[in-house]
Structures are given as C-alpha cells and as structure tokens.
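Because only heavy atoms are used, hydrogens play no part in the values below, and waters and symmetry mates are left out as well, while side chains stay in. Fair warning: this is a prediction, and the values are worked out from it, not measured in the lab. In the text below, chain A, chain B and the rest are named by the order of the sequence lines, each starting its count at 1.
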Amino acid sequence: MTDMPDTTLTSDPSHDASGHPATDDAAGYYTPGSPLVDTKAPAGPIDERWQTRKFEARLVNPANRRKLSIIVVGTGLAGSSAAATLGEAGYVVKSFCYQDSPRRAHSIAAQGGINAAKNYKEDGDSVHRLFYDTVKGGDYRSRESNVYRLAEVSTNIIDQCVAQGVPFAREYGGLLDNRSFGGVQVSRTFYARGQTGQQLLIGAYQALERQVAAGTVTTYTRHEMLELIVVDGKARGIIARDMVTGAIETHLADVVVLASGGYGNVFYLSTNAMGCNVTAAWRAHRKGAYMANPCYTQIHPTCIPVSGSHQSKLTLMSESLRNDGRIWVPKNKADCAKDPREIPEEDRDYYLERIYPSFGNLVPRDIASRAAKYQCDDGRGVGPEVDGVRRGVYLDFADAIARLGRDAVEEKYGNLFDMYARITGEDPYVVPMRIYPAVHYVMGGLWVDYDLQSTIPGLFVTGEANFSDHGANRLGASALMQGLADGYFVLPHTIRDYLADGPFEKVAEDHPAVVEARKAVEGRIEHFLTVNGTRSVDSYHRELGNIMWEYCGMERTEDGLKKAIDLIRTLKDDFYRNVKVLGTADSLNQSLEKAGRVADFFELGELMCIDALNRRESCGGHFRAESQTEDGEALRHDDQFAYVAAWEFAGEVPILHKEDLVYTAIEMKQRSYK
Amino acid sequence: MTSVAIQNATPPLVKGARATQSTIFLKITMAVSGLIFVGFVLAHMYGNLKAFAGHDDFNHYAEHLRTIGEPILPHAGFLWIARAVLILALVVHVYAAATLWKRAKRARTVRYQVKKHTGAIFASRLMRWGGVTILLFLVWHLLNFTVGKVNVKGGATNDPYNLLVDTFDTWWLTIIYLVAMAMLGAHLHHGIWSATQTLGLTGSERSRKLAKNTAFTLAVIIAGGFSIVPIFVLFGVISK
Amino acid sequence: MRLTLKIWRQSDAAAAGAMHTYEVDDVSEDMSFLEMLDVLNEQLNAKGEEPIAFDSDCREGICGMCGLMINGEAHGPVTTTTCQLHMRTFSDGETITIEPWRSDAFPVLKDLVVDRGSFDRIIQQGGFISVNTGSAPEAHSVQVPKEAADRAFDVATCIGCGACVAACPNGSASLFMGAKITHLGELPQGQAERDIRVVNMVAQHDHEGFGGCTNIGECAAACPKEIPLDVISQLNRDLRTALRHGH
Ligand SMILES: Cc1cc2nc3c(=O)[nH]c(=O)nc-3n(C[C@H](O)[C@H](O)[C@H](O)COP(=O)(O)OP(=O)(O)OC[C@H]3O[C@@H](n4cnc5c(N)ncnc54)[C@H](O)[C@@H]3O)c2cc1C
Ligand code: HEM
Ligand code: HEM
Ligand code: SF4
Ligand code: F3S
Ligand code: FES
C-alpha cells in the first residue's frame, strides 16, 4: 500500500512494536505486516487534541464547496447526520441506503438511550468521567484520543437533537430527564421512552430531507453499494445496484463516506435488521481498507430465545429488566422440562447472585451472557428444545411483583412484557420470562485514523462500520452517541482537510478502474444467477451463522476457531458451486441481494476467526477459553495484546498490521465484578 | 391497471403552495355548508312540529316565515336570503363532495380483493350515496311542497297544512320520506362529528368522544323529529 | 398448521398482477407472519418458482418497512406490524388473502413490495425544524412542558409504514401527516415554521395523489403505533390557522 499514513517498519515482523513476541495461535493463517500509526491525532494534552485538530484542518472556501462532491453510503445515525451536515455546508452530496426510505436504517431499533456528559444531575459527571467509563468499559482496547473527543462532543449532540425537535423524556419542570444505564454510577443517559434510536434517527432523517428539498443532497433509496471505485489510490466513487430495476449504476465523487452499519448478521441470528450486511465495508476492505478487530462482537444477555429453526431474527429486550428480574435455572436437569412454577425455591439456582454476590443480576453484558451459556451447555437450560438443546434461562419477576405489586411492575415494564407476550404467547406476569444471549453489536470495523479516514485516502468511515471508539466492548447508550458525534461534529471538520486539496480532476466513466469495478459487480451477479444449484441462499447463511455462533461466539478456543475456519472454507466452496438463485438480474430480486451479502459474510467470518485466533487473551466481548483466571473470569494480556489488529486483504492469507494502544490519560486495570 | 408512466414518475415538489388549493380547504367549505344545513334542518324540523298545534298555527307559522325582518326587508325577504344562502351552500357542498369523491377514486384505482372496515361506523361509508339520496329527495320534496305543490290526492295546494296531511295520508309517500329521513340521520351521524374534526375542534380524546356523542344525539333528534309528523299523519293522529 | 394462501403476484411495476394460491405445511404457531412467508419461499425456491417479494427489515415493529394487507386488514387482525403478527392468531386450515398496500401514491414494484417515496417527499416539504448543525442553543435554554413533550413523543412514534393509507377508503395519508404536524407543532422549537409547514406538506400530499380525508377512522384502527385521530384534527386546525394568517 503506497497511500497509507506514514508507517514505520520494524525489523522483525513477528514482534510487535513494543518488542513482545506475538503469541501465534494464528500462525500460518496470516502474514505479519508493518505496524500502523495514527498520524492524525495531535500530540499534547488530551483535552486539547480535538480543538487543535479542528484548527489545523484546512478550510474550504464556500464558493468551492459546490464543486466538491461526496457520496455517503448509509442513512443511519452516522450517515444521515453526516449527509445533512455536509449538505448544509454546501457540498454536493449523494446519499445511499438499501431500504425504501432513509428513515428505516437500523439505528431506528435502538431502545435504551444516548449518553452525554451534560452533568445536568450534578452527580459528578464530566467529559473526563464519560471518557474514563467508555475506555474502561471497552476493556482498554480503544484509542484514547478518539474516545476523549467522543465524550467532548457528546454535549453538542443533545443540543442539536433538542433543537431539531427530538422529544426526549422531560421532567415536570420542563427540563430534560436522565437515567443511569448499563451499570454506570451517574445519570447521563438521555432517552425517549424505549425508542431513543427511532427519535434520534427521525431527527437526522428530517434534517436530511430538508437538504434534499434544498437541493444539496440527492437520496438514492433501494440502492445497494456493491463496489468501491479506487482511482490512483484514492476512493472516487461506488458501483451501486438499483434494487428495483436492477440497473448497475456508477456514481463518482471526490470522497466516499461509508456509514453502512454493523455486520452482526454474519451470525445469521442477531438483533440486527434482516438487511444489515458487511458488503459495503467488505468491498472497501478488498480494495485496500484495513479491517480492524473484526472478532470483537457484543452479545447481549436479555434477548427472547430462539423458538425453532424457522427463526429469522432475535428480539432484544431492554437491559433494564435486569434491575428487577431475577435470573435462575433449575438445579436439577430433570426439572428443566417442568412448569417453572412447580419448581420449589430450594431447587432453583440463582447463578448470577451466587457467583457475583456484589453485582448479582447486574453484571456487565458479556459476563451475564457467558454465564447463561454455561448453564445451558451444562444441560440446565429451559424452554423448548431446539436442535436437541434447551437454550434459555428464566428471568423471574415473581419477587418483584410480590414486593412492588403488579401495577408497579406493569408501569415500569408493561410494554416489554406485552412484546414478550406477543412473541412467545406466554404471560410473563404469571410464568417467568425466558431469555438467552444474542449477537447485538460489533465493535470491529474498518480501521480509521483520528480523522475517520481509512487506509484508502478519500474513504471515510463512520458509525458502527468503523472500529474506533468502543474497544473490545461497548457500553450501553454509546453507539448512538458515536454515530451522531461522527456525523454531525467530527467528519464535517476532518473531511474538509481532505477536500481542501480540491477541486479534483474528474474521473471519466470509462476510466479503467471504473470499468473494472463495474465488470466485477456484473460478473458476480451473473455468477449467482447461473449456478443453478440446489440450496437456497438462506440455508447457507443459516449454516454459516451456526458455525460462527458455535465457535466464534461467546467463548472461543484455538481448536474451535481452527475447525470453524475449515468449515467455513468448505461451505463457501459449496456455496459458489451449489447455490440456487432464481429470478433475473434486471428486476427486484431479494435472493440475489442476499446472495451477494452472504458471499461477503463468508470471507468476513473467516477473518473474524483468524482475528480471534490471533488474540489469545480475553477482553470485553472476546473470551478465549485459554485465557481465564482460576475462577473462570476473563484475563487480559496487556503486555502482548494492547494493540488494534488491522487486517489488510491479500487473498486467502491476510496481512496483520498492529496499531499500539498508548494510554497517557488513563491507567490500564483488570476488570473485576466479584 | 394504471399506466406505467404514472407508476414510474416521481412527482416533483410543489412550489408556491396555497392553503386555499388544498383538499383540507375543500373539506372546510364542506363542513361550513354542512353546518348551515344542520341549522336549517333543525329550524325546519321545529316548524314541522307545529303541525301538532293544528291547522291554523301551522299556517300562521308558514306565513310568519315570510314576514320576518319586515319592514326592513321586503315581504318574504328573509326567506329569499335564507334560500340564497342555502342554494349557495348546496352548490359548494355538492361541488366539494364530488371533487373529493373523484380524488378518492383516483387515489386507489386497483381495488382490494378483500377489505374489512375496521374502525369505521357504517354511516361514514354511506355519506356519498346517502348525500345523493338526500339530493334526490330534496328535488322531489321541493316539487312536492314549494315549487310544484303537487298534491297526489288532488286536494288544495295553497294551504300548507292540508297539503301536508294529504301527502302523508298516502302510505308510499310516507315511506319515501321515512327512508329519506333515515339517510339524513346517517348523514348527520357521521357528518356532524366529521365537521367538528374538519374544523379542528377535536384535538383530544375527550373532545372527540363529545363530538361523536353530540353528532349521534342530533342525528336522532333531527331524523326522529322529522319522522314523527308523517307517521302521526299516516296513523291519523294529525288530520285535517 | 396447514394454510392456504392467496397472494398477489406481479412481476414488476408495469406488469399486470393476479392472485395466486399456495399451500403451506408445517407452520408453527410461534412463527411470525413473515417467517411463515419465508417458509413458503423456501418451498417455492426448491420447486424452482421465484420466491415472493415482500419488504421487511427490523422485524421488531419499529422500522416501518413491512406491511401487508392480510384478509382485508392492514398489518392483519392485531394492532401491530406485520412482522410482529404471529401465526397463533390464525387457525389450522385457514385461507389467508395477502395483498400489497393499494394506493396509487404507493405504486407496486413487485409482488407485495410498494414504493412509499411519496412519504419522504411529504417530509421534504416541511416535516422538519430548520436548524443547521452547530447552530443549536444549549438544550436547557428551552423548557418544554412535560405534557407537550409527552404528546409530541406519542405521535412521533409513527413508523411511516403506510398502513393508514392502505386502510383508508379514500387512500388519504392524513394520519401520517397529522402525526408529523402534531409532533413538531407541540414543541416550542416547531412554532416558527408552523404555518408554512402545514400548507406545503398538505400541498405535496394532494399532489402525490393521496385522497382527502373524510374522517372515517379506519386509519387509526389500522395504525400499529396507535396514533389517534386527534392528529388529523390538529392538522386541519393548523391549516385553518395558516389560512387565517394569509398563506
Ligand atoms: C436492538 C438494538 C438496540 C440498540 N440499542 C442501543 C441503545 O440503546 N443505545 C446505543 O447507543 N446503541 C444501541 N444499539 C446500537 C446502535 O443502534 C447501532 O450501533 C447504531 O445505530 C448504528 O448506526 P449506524 O449509523 O452506524 O448504522 P445503521 O443505522 O445500521 O445504518 C446503516 C445504513 O447503511 C445502509 N447500508 C448498509 N449497507 C449498504 C450497502 N451495501 N449499500 C447501501 N446502503 C447500505 C443501510 O441502508 C443503512 O441506511 C442498538 C442496536 C440494536 C440492534
Ligand atoms: C341537505 C342536507 C345536507 C346536510 C344537512 C349535510 C350535512 C353534511 C355535513 C355536516 C357534512 C360533514 C362535513 C365534514 O365532513 O366536515 C357532510 C358531508 C358530506 N355530505 Fe352532506 N349534507 C347534506 C346534503 C348533502 C347532499 C345533497 C350531498 C350530496 C351529494 C351530500 C354529500 C356529502 C358528502 C359526500 C359529505 C362528505 C362525507 C364526509 O365528510 O364524511 N350532503 N354533509
Ligand atoms: C318529514 C319531513 C319533512 C316535512 C314534513 C317537510 C315539510 C315541508 C313543508 C310543508 C314545506 C313548505 C313550507 C312552505 O312553503 O312554507 C317545506 C319546504 C322545504 N323543505 Fe321540507 N319537510 C321535511 C323534510 C325536509 C328535509 C329533510 C329537508 C332538507 C334536507 C327539507 C328541505 C326543505 C326546503 C329546502 C324547503 C323549501 C323552503 C323554501 O325555500 O321555501 N325538508 N318542507
Ligand atoms: S400513522 Fe400509523 S399507520 Fe400511518 S404511517 Fe404512521 S405508524 Fe403507519
Ligand atoms: S380512514 Fe381515511 S378518511 Fe380520514 S380519518 Fe382516516 S384518513
Ligand atoms: S420489519 Fe420493521 S416494522 Fe416490520
């Protein structure tokens, strides 16, 4: 890669920059590459870095902005906010999403809330505390400068959203209400009942539509980006398919922003929307953008369990349920099929309260999730048997109802109980709820520098699609914050530094790089439609998901990951030879859309396993069975793994670049919740 | 099937919009004209009930209508003003109804194979054909009592009370009137609530309930009040 | 469960469509309605018949992407979205008729998939508060009475699914539009553009070919988010006020 930010080669690539030998479970699966350095974050005190960067980033004359064009892929919080803001600034913006309206991006599903260091409660919150909590929550695997900036701009987000008319919860005095969320000790989470993501996204969507009317932004809905165009080492456009007519379109611009969301659907079952995919990011990865920490996956403990093999997605229930519900499984395997109400108190195992007496049912997401898995693996799960195993634990409100009364419980959790009843057909006021962990969020994503620029110049990545701010584990209510911080307040400043070099030379539609990208897309589509095999795309996706969940899910082992890689490779070969996609290329064809996405999931899944194999430590959402304390808790190895693993695409064997994580404002500590 | 051209065209954004050119404005004119009708039928019904007071009182009342406002207005002046307002209201009401009807047809050119009407009262779906029925009735009614003064019994036509009694002594005429009153009742049951909603007076659940109840009550009173006279005539309670 | 499904099939926007009948077996009552269609599609795919196109994304009732006319009711017989409708609502042996939203302002693109771009264009005409990024005052500089904030929230929950249009005998989008007018109109921030917002949005609504509202109320009954009819009253009142102000 010639256009990368400055990097220095160490003499011995098998040693990381800090000189420690890399533990090499993944030897043979990858090639060591040169270390990676983020050159954009200014030095100096952490609380001055963003101001400095904003000041140093060059300006673009308003008259020139009309001559500069920007493609934004994705209309979630990250994409809509960026497209609207860049439109307001006067650039020519094209916005893409695969749904029929920008308002439907997956951000809409976020429930809990958004963090901001407003300190309206005067309870000791501050930018620094939010920064500290986020780094610690991420298990010291995120980049300090980025997280600090995130905390810093968090307050502007709330101002902006309120001005747009986002109906946040308010107190009787007419001022904004806050709550504490995800085990944090301060109240800094702003919320709009259980629909915060929806309200924030509608705010951003409306700002976007306003720019459409103003003529600065053009929206392309039901358009899927299928390839990135790189000309002379720079991102200059995308190839997109009009999902209604099937037309393959070339869109050229001066920069491309990917805000295409997360890839949790590599697991097939997740709390993500059906269409969430990695294609936009993966195509960029194949063109030279590094993929960072792909194995970091967040698994949320309170989801409604799988009810059968027909299941298409999993539904999250707010974490707040753990404040009053008690989690248990039967002590005796023989009781698992019984009506839970008939199991006497002494035969119940309230395992979280037993193992973690001080935090009890409120331990962090990853710990609660793993504990549930252990109970079920041990044969003490409850609920229907799916593929021979009962995967579920009880979340019991009987005590809460006895203590607070049914009305109080209904007042607090009524809508969640209703949702549960609708989905399962059971009445949670009478029979304990069943829950099980599910894939929820991915901390991994395309590598970006402090400017949110990837290793391809002119390609910026925001929101869940990048890797930047959450380290190995994301704290509740911080993804919404990051998406909006990136889109409203960070990218518009950093992108201008890049655009200040413009106006850029126009790229011709018949430029070899453009033609090559188009051909690649057409070739792939042609291939899927002509295989004419025997298996549906969904059946492959489900099988891939099972492999990922089994071996690269809540607990990962060297053997398991190696096995998974083999299984994925075999399945991928079969997919290319035996998939059955009907219909035509020039019409709305949902099987064809899925085929493209699943093809990319195969490659991503393999890389996730390699990344997990390489990281022989347990941190945040990544738990390697080989790296635990005597009593089974996660064990981090800061001496060996305090780096971002950034993977360069190189065919079958990827190249690993390490970016060292240096903490100057914070001291690394092991987490403990006992 | 609609044409391809319509299906693929993306309508541009409207420029220079005026409130007076909107469907809601049409609806407002409809609500206002409708409420004028409501006022009229209420008064008219009250007048009809004078039939119970007997021949002379009823005819006096009819005569009185022609002397309201005198001497400021000429004889029957008030009546003519009222007639002008009513005619204007009718033109507006019917024009708006027809325009909205046409729009609604165009808004869904491919119909459903199966369609349930959850949440709608039956009367609301009777508005258009009900309105046409009322209009036809009105034509007949005016021929009957005002313009043509048709007396199917061949009796006198210049004595309103006698004309009334002769008319409703005829069973099939009474039936026509009763059917028309049922239609009117239905029209008002939905129409009065609808007018309050169109005028933006029902912005809460309470006011919405109130409007619906008022509409129902008024509809029953008006349709019932009108119907009593023909029924009583038919059964001989009111007679010459 | 075993079901007979009568489903509208149409190969593209220009083609003529027709109802087709399919049988599905092995439907479990825990399936969502869309998962039942997934099962049917697997069966069709195996037989070499092109799967039925229908929209969905979040499958948890919040994105507004899904939407089918099920036995003549928008989103089916329960007050929820199609994706949150479960098969236990139906009984073994039942025949279910499935059609796309019918509205000329929502052209059918294929099978059960329609184009709701007209909603976006209505929003473009004023469904926002004009505030550029970075120009917002401190959030606590405006107080919003709790009642106003709560009402704004209640109606802001509209997911833009289009069921109101699909259910309305006049094909009117008044409930959708009223929800947005009320959301922004309840808040102090929304006042400056209040008159012009309603006039422009209604103009675009009419221009798109939606019908006028005659207050029938089927929209509110179909709305998965239970947006009440009050919002249409608010819409009408705002237009009347704008009229009075000379717009
Ligand atoms: C159920 C649930 C609850 C959550 N609750 C919370 C919470 O309470 N607090 C919190 O902070 N976070 C929460 N999160 C996480 C958070 O919602 C997401 O991480 C965040 O919204 C992602 O935003 P985004 O803008 O990056 O991407 P998304 O909102 O996922 O948007 C992706 C966009 O990219 C487009 N796109 C993708 N691929 C392509 C392509 N190839 N071509 C064209 N367009 C493409 C899509 O159309 C879409 O517009 C939750 C997540 C889930 C699943
Ligand atoms: C003469 C007596 C009539 C009275 C008292 C009357 C009254 C009303 C009222 C109050 C409304 C409600 C307006 C609104 O929705 O805001 C209404 C609506 C309507 N009227 Fe009439 N009307 C009468 C005659 C007619 C006639 C002759 C027609 C004929 C074509 C008609 C057709 C309609 C229609 C189509 C509506 C709209 C339906 C609706 O709002 O749901 N009406 N009428
Ligand atoms: C049973 C019901 C009714 C009876 C018995 C009745 C009776 C009469 C009578 C006797 C007159 C003549 C009055 C006169 O010339 O002084 C009259 C006039 C009239 N009626 Fe009715 N009426 C009935 C219902 C209605 C209804 C429902 C409507 C309207 C929807 C209506 C509209 C009129 C009008 C417009 C006139 C003419 C008034 C004028 O301009 O002189 N009537 N009616
Ligand atoms: S008002 Fe209700 S039915 Fe209409 S689009 Fe919004 S949520 Fe859907
Ligand atoms: S059903 Fe239609 S007529 Fe109005 S009240 Fe609802 S939009
Ligand atoms: S699929 Fe999102 S609401 Fe149904």
Check: [X] side chain, [Y] main-chain N or O, donor-acceptor pair, under 3.5 Å:
X       : Y       : value
R103(B) : F210(C) : yes
R111(B) : R102(C) : no
R237(C) : L199(B) : no
Y112(B) : A166(C) : yes

[X] versus chain B, the contacting section by heavy-atom distance below 4.5 Å:
X       : result
E99(C)  : side chain
P100(C) : backbone
C219(C) : neither
Q234(C) : neither
A222(C) : neither

For [X] versus [Y], what's the shortest heavy-atom pair and its separation?
X       : Y       : value
L100(B) : G212(C) : CD2-CA, 4.1 Å
A203(C) : V14(B)  : O-CG2, 3.7 Å
A107(B) : G211(C) : CB-N, 3.6 Å
N215(C) : K27(B)  : ND2-NZ, 4.1 Å
L229(C) : Q197(B) : O-NE2, 3.0 Å
A104(B) : N170(C) : CB-OD1, 3.5 Å

Can you tell me how far [atom2] of [Y] sits from [atom1] of [X], rounded to the nearest 0.5 angstrom?
X       : Y       : atom1 : atom2 : answer
L13(B)  : Q125(C) : CG    : CD    : 4.5 Å
T214(C) : M30(B)  : OG1   : CE    : 8.5 Å
T198(B) : I232(C) : OG1   : CD1   : 9.5 Å

Residue among [options] with most heavy-atom pairs under 4.5 Å to chain B:
options                   : value
A167(C), A74(C), A105(C)  : A167(C)
G171(C), A221(C), S233(C) : S233(C)
K6(C), M69(C), Q124(C)    : M69(C)

Problem set entry | Contact residues of residues 203-230 of chain B (partner chain C; heavy-atom separation under 4.5 angstrom) |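 Checking residues 203-230 of chain B against chain C gives G203(B), S204(B), E205(B), R208(B).
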
For this session: Under the salt bridge (charged side-chain N to carboxylate O under 4.0 Å, His left out) rule, collect the residues that match up with K102(B), sequence neighbours excluded.
Result: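 So K102(B) forms no salt bridge (charged side-chain N to carboxylate O under 4.0 Å, His left out) with any residue.
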
For [X], is it the side chain, the backbone, both or neither that has a heavy atom under 4.5 Å from a heavy atom of chain C?
X       : value
R125(B) : side chain
L201(B) : both
I24(B)  : both

Exercise. Regarding Q113(B) and T97(C), is there a side-chain donor-to-acceptor distance under 3.5 Å anywhere?
Worked result: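 No donor-acceptor contact under 3.5 Å links the two side chains.
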
Exercise. Would T23(B) and D206(C) count as having a side-chain donor-acceptor pair, cut-off 3.5 Å?
Worked result: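 Present: a donor and an acceptor within the cut-off.
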
Problem set entry | Matching residue for S22(B) among V202(C), V198(C), L243(C) - test: side-chain contact (heavy atoms from CB on, under 4.5 Å) |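 Exactly one option meets the side-chain contact (heavy atoms from CB on, under 4.5 Å) with S22(B), and it is V202(C).
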
For this session: Check the pair D104(C), T109(B) against side chain to side chain donor-acceptor pair (under 3.5 Å), reporting the backbone distance first and the verdict last.
Result: CA-CA 7 Å; D104(C) 288 39; T109(B) 48; 2.5 Å; yes

For this session: Using the side chain to side chain contact (heavy atoms under 4.5 Å, CB included) rule, take E73(C) and K115(B) through it: C-alpha gap first, then chi angles, then the decisive distance, then the call.
Result: CA-CA 6 Å; E73(C) 291 184 274; K115(B) 176 76 168 77; over 6 Å; no

Problem set entry | Student check: side-chain heavy atoms of E218(C) and T118(B) closer than 4.5 Å |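 Heavy-atom side-chain distance check fails, nothing below 4.5 Å.
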
For this session: Look at atom OH of Y95(B) and say whether more than 12 heavy atoms of other residues, nucleotides or ligands are closer to it than 6.0 Å.
Result: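 Atom OH in Y95(B) is not crowded, with 12 or fewer foreign heavy atoms closer than 6.0 Å.
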
